[in-house]
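Each chain gets a letter, A, B and so on, in the order the sequences are listed, and its residues count up from 1. In this text, all values refer to a predicted model and were calculated from it rather than measured experimentally.
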There are 2 protein chains.
Amino acid sequence: MMQPALTKNQSLVFDVLERSDAPLSAYTILDKLRDNGFRAPLQVYRALDKLTEFGMVHRLESLNAFVACAHRESECCGAKSAHGGHGHGTVAFAICDSCGHVFEFHDHTVDHRLDDWSKSKGFKPAKTTIEIRGVCAKCAA
Amino acid sequence: MMQPALTKNQSLVFDVLERSDAPLSAYTILDKLRDNGFRAPLQVYRALDKLTEFGMVHRLESLNAFVACAHRESECCGAKSAHGGHGHGTVAFAICDSCGHVFEFHDHTVDHRLDDWSKSKGFKPAKTTIEIRGVCAKCAA
DNA sequence: ATTGTCTTGTTATGTTATTACATCAATTGC
DNA sequence: GCAATTGATGTAATAACATAACAAGACAAT
């Protein structure tokens, strides 16, 4: 599933996320887009749904917030997700509770171990969340 | 940190969770405890905070809901968490989106890989969330 | 009995997410 | 052309999740 060109609202939301150093809640995004004519949460949530579907944005479950996808295509194993676009098995996040910065990474061994567990139980995984909350090197120093 | 005896509210909340086949939201718990004198969300959230601290209850971030801790002391490697009580490095969850059942497990290899990543980045982890959403064997059949 | 600490009760409010319905624009098939 | 379909948008209202602030009770230690 390759993404089509973004609509106006999708572009606006994505730009806000890309420019941000830290994850943003839907309502924070809404506030930043008031001047662009946004009035209601749904305008944000609808754009976020699509962007997430396209793999351009991730939802951080432990934060109820969203980040632009940060991983470089180049640093990757080359594997494409089932949905096309740039994709890995599962993306993991390390979230600094001090400065808010989000580190995005993936680990094949972890993916493999979780897959093994699922297979052994007959569990059919649809979406996996891995989030480490803590303090980044810079903030810990 | 060993847990003290539970208070009345903590016991009531824990009992509700233990009897449930699926995770419950704080507000669902509140409704189930109306007859026991519960009137406000905070009564539930306060109990949940403590129970979580004691390791008796887990919060499922992708669901905004709570489950009683399901793992047997016996099936474990014996490692105790830093907080005492029964504990592992990180507990992972597989959540059936069809029947709601939650499978709780842990995997040392996964823990180790995530630790390795953290160490390599100087990131100090505080709490790690691993949740697999999908469909369990029974429901997939 | 006074102090300190922990638990509880209560009201109000803040934050996150969705339902329902109307409208508009682009595309397709006839 | 022009209905029919599809997808994006706008708007209001509401649902669902969570916390702040403050008052009061329970209980142990001195």
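- Atom CG of A:Leu30 and atom P of C:dT18 are 15 Å apart (whole Å).
- Look at A:Arg113 and A:Asp116 and you find no salt bridge, because none of the NZ, NE, NH1 or NH2 atoms lies under 4.0 Å from a carboxylate O.
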Please step through side chain to side chain contact (heavy atoms under 4.5 Å, CB included) for the pair A:Phe38 and A:Val13, ending with a clear verdict. CA-CA 10 Å; A:Phe38 275 50; A:Val13 168; 4.0 Å; yes

How would you summarise protein contacts on nucleotides 9-19 of chain D per nucleotide, using B for base, S for sugar-phosphate only and - for none, with heavy-atom distances below 4.0 Å? BBB-----BBB

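- Distance CG (A:Leu6) to P (D:dG7): 17 Å, rounded to an integer number of Å.
- The aromatic rings of A:Tyr45 and A:Phe66 sit perpendicular to each other, their planes meeting at more than 60°, with 30° as the lower class boundary.
- Under the ring pair (Phe, Tyr, Trp, His ring centres under 6.0 Å) criterion, B:His112 pairs with no residue, sequence neighbours left out.
- A donor-acceptor contact closer than 3.5 angstrom links the side chains of A:Ser62 and A:Glu131.
- In this structure, CG of A:Leu24 is placed 14 Å from C1' of C:dT16, rounded to the nearest angstrom.
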